[in-house]
Amino acid sequence: MSGDHSHNEDQVMLKVFYNHKDKYKEREHKHKDHKKDKEREKSKYGNSDHKDSSDKKHRDKEKEKMKHKDGSTDKYKEKHKEKRKEEKSLDERIKKEKENGFASPPYMKSEPEHDFYHSPKHEKTLKRERDDDNEVQNWSSVFAVISLYVFVKDFKSKKTKHKKEEVTDGKKKAKKEPEEKWKWWEEERYTDGVKWKFLEHKGPVFAPPYEPIPSNVKFYYDGKHMKLSPGAEEVATFFAKMLEHEYTTKDIFRKNFFKDWRKEMTSEERAKITDLKKCDFTEMSEYFKAQSEARKSMSKEDKQKIKEENERILQEYGFCIMDNHKERIANFRIEPPGLFRGRGDHPKMGMLKRRIRPEDIIINCSKDSKVPEPPRGTKWKEVRHDNKVTWLVSWTENIQGSIKYIMLNPSSRIKGEKDWQKYETARRLKKCVDHIRAQYRDDWKSKEMRIRQRAVALYFIDKLALRAGNEKEEGETADTVGCCSLRVEHIKLYPENEGQEYVVEFDFLGKDSIRYYNKVPVEKRVFKNLQLFMENKEPDDDLFDRLNTSILNKHLQELMDGLTAKVFRTYNASITLQQQLKELTTAEDNIPAKILSYNRANRAVAILCNHQRAPPKTFEKSMQNLQSKIDAKRDQLADAKRELKSAKADAKVRKDEKSKKAVESKKKAVQRVEEQLMKLEVQATDREENKQIALGTSKLNYLDPRISVAWCKKWGIPVEKIYNKTQREKFAWAIDMADDDYEF
DNA sequence: GAAAACACTTAGTATTACTCAA
DNA sequence: TTGAGTAATACTAAGTGTTTTC
């Protein structure tokens, strides 16, 4: 967790911040020019009392808008209006038909029958269920619908493919493109807090039971061999497996581990093993290393077998049926026992994460679904049917006492809808951000301390994309902060620094104990306020002592429906991407150069959001490799040019067709090599700039995918160059709906 | 109204799978 | 065919923000 920025990186960072600041100024300017707009906005949002009825009406209206149509998608929705009309009437028909509360489908698509996926497994289940009179009706109707309309994730299964082809052949060939994906974004959403109407799954996959190590792999205490009881041995292996890791050198880790380990020992063991330093795990560690080596060098067939088994488990447990669609589950495996690996200086690192048993598990599914079977001889803690939540399985973890969940994959409807909604909220912020900014600037002058604090904090959240900063229980987690929980010790004020006025230096550990370091010039008022907030305080006192996240969010909620601190991060990230893309993309550039521009825009966002990574272990080496490739390519280019030159000379003398052709082909060769060289150089630049910056987090969580999709469409870049397969699945909605002129 | 519980998103790292040059 | 390097995926910790409880 270094987080130490080099000078260079600081500059990059500052550059982006300055950019940001300039843009902000620009916006302010615009703001002045549009006083009328401002006035309108003001009346729209009010400025003191937000509880007046017109305001409420407005908010309700906004809410309504969000529910049914999102500004951006007007055009898009229009496209599908017709279709939906059709579907809706069907919907109603079906609703009337099924009123017994089970998985009645929202509607049925008028898809050709041959387009369905009928897994052999379903057939089986269906047959089994037919034996049960009570359920026959439910099941047959459910499956009738499912068969008509199941979202098919993977058609690769041979049987299915075969079946499908048969049917397709029997009917018209028109529907050749088979992978018809379910476009949930073309459908109505639930608006009443209901997350689903039907949910069925097979429950979690438990961690494999402990396999004792062979008796020749020994554990030594104080130099003497000691056979451990199975319970103590298992925990010992957890430590042994981590022996190479830095964790095991840390005092807290060792202390916590030892304490928990002793709890698992028999009383004899406990009496004997009193000092971790005297424990010798090396044989165990070697054994596991050898095992993983063996796994690597397994025969192809064996590897294939394992792969097939994993695939089987995935097929059985990795999917659920939610509202007539087969959806992928994200984490269907229960976390195996082990030693807790908290990040940063976590006071609980090294503690034993205990094994989760069926008795710890709460299953969530619909009443009319087939409840998953617990492993033989066990039972679930509870089975509930709560369709106001999205999780399938939950358990309480023993380190922090928090609840863990099994939920759906990001490609699922339930996650996608939420994600889409998130960006729509951010776009609504775009519409009123000028007003909000004007307001908090005004609040810097407030007579009330709490309001000034709120306004300065909000300024940081907006300008620097800081996280909200909830309070944390002391001693339970690593000491990290966000905006509202900043302490006096985390900032330094410089009336003047390196030629700039009113500079604030931030230095603190944020989420995941990643260091945030930044020097920013701020407005005089902010600076003066900060001086005031810090007066007569100790370094470990709260900077904003009259503020917390719930006060801040309550305030934001009044400014805009659905507005919270984190919306600013989404908004600023997405708007920055859009602006940077506009700024950096050059029409004349070729595709690799354009992609470099994209990555740079993405990088600007990652820097803004402080998304860091440890430089890859192989970084230097891979850079060297790339450099030697570049050198080789340069040599090749020189050769090609030489050859072209001589060919030209040759052609001048001979003046025949053959030599002219030779010149042409040499020219082309030069061009080709030049292109290759450029590609490599671009790659090197990209990689170098990316050394400590993680692009993935912002790409996945902060950047409205429609911006990227639109950019791809506009410049003719294949979307595969920007999003890999998983990302394309997650953003299928955006890829489908964004046109090249999409504006965030 | 504060604390605790809950639900869900965001985050970096470890592991695995894939790719491509030798 | 192999294995090094890289990309993708899996994993799970650590946040945010809402709801429930006391």
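Everything quoted here is computed from the prediction, not taken from an experiment. Quick note on labels: first sequence line is chain A, next is B, and so on, each numbered from 1.
Between the P atom of C:dA10 and the CD1 atom of A:Ile313 lies a distance of 13 Å, rounded to the nearest Å. We find that NZ of A:Lys296 is positioned 13 Å from P of C:dG5, with the value rounded to whole Å. Residue A:Trp395 contributes atom CH2, which lies 9 Å from atom C1' of C:dT12 at whole-angstrom precision. Per the geometry, CG belonging to A:Asn610 stands 12 Å off C1' belonging to B:dG12, to the nearest Å. Taking atom CG on A:Leu695 and atom P on B:dT10, their separation rounds to 17 Å, with Å as the unit. Between the CH2 atom of A:Trp196 and the P atom of B:dA7 there is a distance of 12 Å, given to the nearest Å. For the pair A:Arg728 CZ and C:dA7 C1', the interatomic distance rounds to 13 Å; values are reported in whole Å. Going from atom CD of A:Gln612 over to atom P of C:dA14 covers 17 Å, rounded to whole Å.
Checked against C:dA14, B:dC8, B:dT13, the side chain of A:Phe340 finds its nearest nucleotide in C:dA14. Closest to the A:Asn724 side chain, of the nucleotides B:dT13, B:dA7, C:dA8, is C:dA8. When distances run from any side-chain atom of A:Glu335 to the nucleotides C:dT12, B:dT10, C:dA14, the shortest one goes to C:dT12.
Between A:Arg687 and A:Gly342, the residue anchored closer to the 5' end of DNA chain C is A:Arg687, taking for each the nucleotide with the nearest heavy atom. Residue-to-nucleotide proximity on DNA chain B shows that, of A:Asp386 and A:Asp419, the 5′-proximal contact is made by A:Asp386.
Judged as a side-chain contact (heavy atoms from CB on, under 4.5 Å), and not counting sequence neighbours, the contacts of A:Asn701 are A:Thr697, A:Lys730. Take A:Asn310 and apply the side-chain contact (heavy atoms from CB on, under 4.5 Å) test, not counting sequence neighbours, and it matches A:Ile306, A:Arg333. Applying the ring-ring contact (aromatic ring centres under 6.0 Å, His included) criterion to A:Phe744, with sequence neighbours excluded, gives no partner residue. For A:Glu675, there are no salt bridge (charged side-chain N to carboxylate O under 4.0 Å, His left out) partners at least two apart in sequence or on another chain.
Within residues 397-406 of chain A, the residues that have a heavy atom under 4.0 Å from DNA chain C are, in order of number, A:Gln400, A:Lys404.
Nucleic acid contact class of A:Lys699 (heavy atoms, under 4.0 Å, all strands): none. Within 4.0 Å of A:Arg569, counting heavy atoms only, lie sugar-phosphate atoms of the nucleic acid but no base atom. Counting any heavy atom pair closer than 4.0 Å across all strands shown, A:Pro410 reaches no nucleic acid atom. The residue A:Lys353 sits close only to the backbone: its heavy atoms come under 4.0 Å of sugar-phosphate atoms, none of a base.
For the pair A:His245 and B:dT13, the criterion of a side-chain N or O lying under 4.0 Å from OP1 or OP2 is not met. Contact annotation: A:His611 reaches the phosphate of B:dA11 (side-chain N/O to OP1 or OP2, under 4.0 Å). Here A:Arg328 reaches the OP1 or OP2 of C:dA10: one of its side-chain N or O atoms lies under 4.0 Å away. Contact check, A:Lys388 against B:dA7: no side-chain N or O comes under 4.0 Å of OP1 or OP2. For the pair A:Lys195 and B:dC8, the criterion of a side-chain N or O lying under 4.0 Å from OP1 or OP2 is met.
For an aromatic pair to be called close, the ring centres must be under 6.0 Å apart, and A:His346 with A:Phe253 fails this. Aromatic pair A:Tyr317/A:Phe332: centroids not less than 6.0 angstrom apart. Ring centers of A:Phe508 and A:Tyr517: at least 6.0 Å apart, outside the cut-off.
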message: As a quick check of understanding, evaluate salt bridge (charged side-chain N to carboxylate O under 4.0 Å, His left out) for A:Glu335 and A:Arg354, giving each step before the final call.
response: CA-CA 9 Å; A:Glu335 294 172 20; A:Arg354 45 160 260 275; over 6 Å; no
task: Starting at the 5' end of nucleotides 15-22 of chain C, put B wherever the base has a protein heavy atom under 4.0 Å, S where only the sugar-phosphate does, and a dash everywhere else.
output: SBBS----
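Across every non-hydrogen atom of A:Val389 and A:Trp196, the tightest pair is O-NE1, 2.9 Å.
With A:Thr480 as the fixed residue, the side-chain hydrogen bond (donor to acceptor under 3.5 Å, both in side chains) test singles out one of A:Lys511, A:Arg343, A:Lys472, A:Arg515: A:Lys472.
Enclosure of atom CD in A:Glu211 is not indicated, since only 12 or fewer non-hydrogen atoms of other residues, nucleotides or ligands lie within 6.0 angstrom.
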